[in-house]
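These notes are about the structure you will find just below.
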There are 2 protein chains.
Amino acid sequence: MTPRASSEPTPKGRGRRPGGVDTRAAIVSSARKSFAAKGYDKSSLRGIARDAGVDPALVHHYFDGKAALFAETMAVPVNPAELIEHVLDGGREGLGRRLVETFLTVWEPPERREALVALVRSAMTSDEAARMLREFLGREVFGRLAASAGAEDAQLRGALAASQMIGVVIARYVVRVPGLVDASRDELVDRLGPVLQGYLVDGSVAPE
Amino acid sequence: MTPRASSEPTPKGRGRRPGGVDTRAAIVSSARKSFAAKGYDKSSLRGIARDAGVDPALVHHYFDGKAALFAETMAVPVNPAELIEHVLDGGREGLGRRLVETFLTVWEPPERREALVALVRSAMTSDEAARMLREFLGREVFGRLAASAGAEDAQLRGALAASQMIGVVIARYVVRVPGLVDASRDELVDRLGPVLQGYLVDGSVAPE
């Protein structure tokens with residue numbers, strides 16, 4: 001979402017900041033501080049708006065929810081919540097393949113890949129970033145995927161799926177393990193899709 | 001392997017350094033520089049000995065091969081080559097489960113886990129460390145596992161296995177994803193074993 005200066009709602013409340021690019025940047029800056037200080041779960045859009053000195057309605061105007069705002073602070077140019085909707089929309093059948101395909105398609109463009117690598121790197125070296133990524137993945141991505149499967153062991157299932165996708169990103173884009181760097185997207189969908197399907201949906205350990 | 005001052009071979013050649021703890025430390029220091037500068041594949045025990053000013057026989061005396069010396073420079077308190085032997089010894093059947101079980105058992109003690117986390121972190125942030133880890137894993141760990149399966153697509157198979165194990169380490173020990181932190185070793189062997197078996201040995205995409 002890009003700033004639309006002409007159609008902005010009028011700031012209410014304290015309303016110290018006028019709408020526009022500065023407002024948006026102030027929200028992102030405030031969000032970044034909040035996520036780093038409190039983690040993803042405990043950060044609220046209301047608190048972020050207050051710290052930025054803007055009306056909460058402006059946060060909703062610029063960002064499609066907390067996940068989208070988080071992605072922006074991480075310089076991740078996609079809204080993960082939308083992607084997960086897309087993956088879930090097709091139902092349980094083929095969910096693993098859709099997840100891998102969507103994931104790899106989104107990260108194919110080099111500039112996006114750089115953002116992803118930067119995110120992963122910071123999560124490796126900073127406890128705050130690790131906490132943010134952990135809470136974010138649990139809440140918005142793998143937690144939702146696993147919950148949709150309705151299994152009792154949804155948390156472990158989501159974590160296993162997360163571990164494989166984190167591992168693929170790192171092996172393919174950071175450590176650059178030869179076999180994975182060379183593999184085509186379709187090949188990876190063929191190989192990883194059934195594994196993700198097993199982690200999230202099927203699997204012998206699932207409840208009756 | 002610990003230094004055995006009493007049974008040391010006499011240094012030959014230039015032999016500028018006497019045997020003992022200093023010699024061992026000089027070899028490790030020289031190895032660390034070589035791995036960082038040239039990577040794992042292009043570092044030779046002979047070159048490392050020369051740079052340390054010791055006879056190559058001393059390197060073989062202190063270290064059970066390049067993999068063991070690499071593990072030492074990375075402060076990893078296990079010889080990966082020995083572990084892989086153990087995993088391979090049982091044959092193709094159950095290889096995935098043995099790999100996961102061996103891996104998790106080795107990393108269970110907290111002080112070892114710290115070494116592993118440090119290794120992974122440096123591989124994320126330093127191109128040299130990433131290269132070392134990539135070459136090392138390919139040569140000594142997942143390359144050997146996949147080659148033992150005899151498949152034509154051994155490189156991709158090994159890389160997929162590496163991606164899952166890297167991902168588990170990161171999700172369990174670095175990012176600390178809840179479901180994986182809480183899971184018991186046996187539970188993870190049950191869940192991950194068949195996946196690793198599929199990547200390395202079975203799998204519908206394997207050649208006839």
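Both backbone and side-chain heavy atoms feed into the values below; hydrogens, waters and symmetry mates do not. The chains referred to below are lettered A, B, ... by the order of the sequence lines, with proteins before strands, and numbering in each begins at 1.
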Q. Out of A:Val174, A:Leu188, A:Val181, A:Ile170, which one racks up the most heavy-atom pairs below 4.5 Å with chain B?
A. A:Ile170
Q) Can you list the residues that meet the salt bridge (charged side-chain N to carboxylate O under 4.0 Å, His left out) rule with A:Glu85, with sequence neighbours excluded? A) A:Arg144
Q) Do you know which of B:Arg176, B:Met165, B:Gln164, B:Gln155 has the most heavy-atom pairs with chain A at a distance under 4.5 angstrom? A) B:Gln164
**Q.** Part of B:Leu180 lying under 4.5 Å from any heavy atom of chain A
**A.** both
Q | Charged N-O contact under 4.0 Å between B:Asp153 and A:Arg191 | A | yes
Q.
Between B:Val195 and chain A, with a heavy-atom cut-off of 4.5 Å, which part of the residue counts as in contact: side chain, backbone, both or neither?
A. side chain
(Q) Is it true that, when you exclude A:Glu108 itself, more than 12 heavy atoms of the residues, nucleotides or ligands shown sit nearer than 6.0 Å to its CD? (A) yes
Q.
Can you tell me if A:Arg113 has over 12 outside heavy atoms packed within less than 6.0 Å of its CZ?
A. yes
(Q) Quick check on the interface: out of A:Leu160, A:Ile166, A:Val120, who has the most heavy-atom pairs with chain B under 4.5 Å? (A) A:Leu160
Q: Measure the shortest side-chain to side-chain distance between B:Val100 and B:Arg185 over non-hydrogen atoms and say whether it is less than 4.5 angstrom.
A: no
Q: Go through the atoms of A:Leu137 and report whether side chain, backbone, both or neither lie under 4.5 Å from a heavy atom of chain B.
A: neither
Q. Using the ring of each side chain (for Trp, its six-membered ring), is B:Tyr40 parallel, tilted or perpendicular to B:Phe35, with breaks at 30° and 60°?
A. parallel
Q) chain B: which of A:Gly138, A:Pro178, A:Ala162, A:Ala123 shares the most heavy-atom pairs with it under 4.5 Å? A) A:Pro178
Q. With side chains defined as the heavy atoms from C-beta onward, is the minimum distance between B:Thr102 and B:His86 less than 4.5 Å?
A. yes
Q) Within a strict 4.5 Å, meaning less than it, do heavy atoms of the B:Phe136 and B:Pro80 side chains meet? A) yes
**Q.** Residue, of B:Asp127, B:Val175, B:Val168, that accumulates the most heavy atom pairs under 4.5 Å with chain A
**A.** B:Val175
**Q.** Winner by heavy-atom pair count (cut-off under 4.5 Å) against chain A, out of B:Gly158, B:Ala183, B:Ala159
**A.** B:Ala159
**Q.** Greatest number of heavy atom pairs closer than 4.5 Å to chain B - which of A:Ser163, A:Gly179, A:Ala154
**A.** A:Ser163
Q) Side chain, backbone, both or neither: which part of B:Glu135 has a non-hydrogen atom closer than 4.5 Å to chain A? A) neither
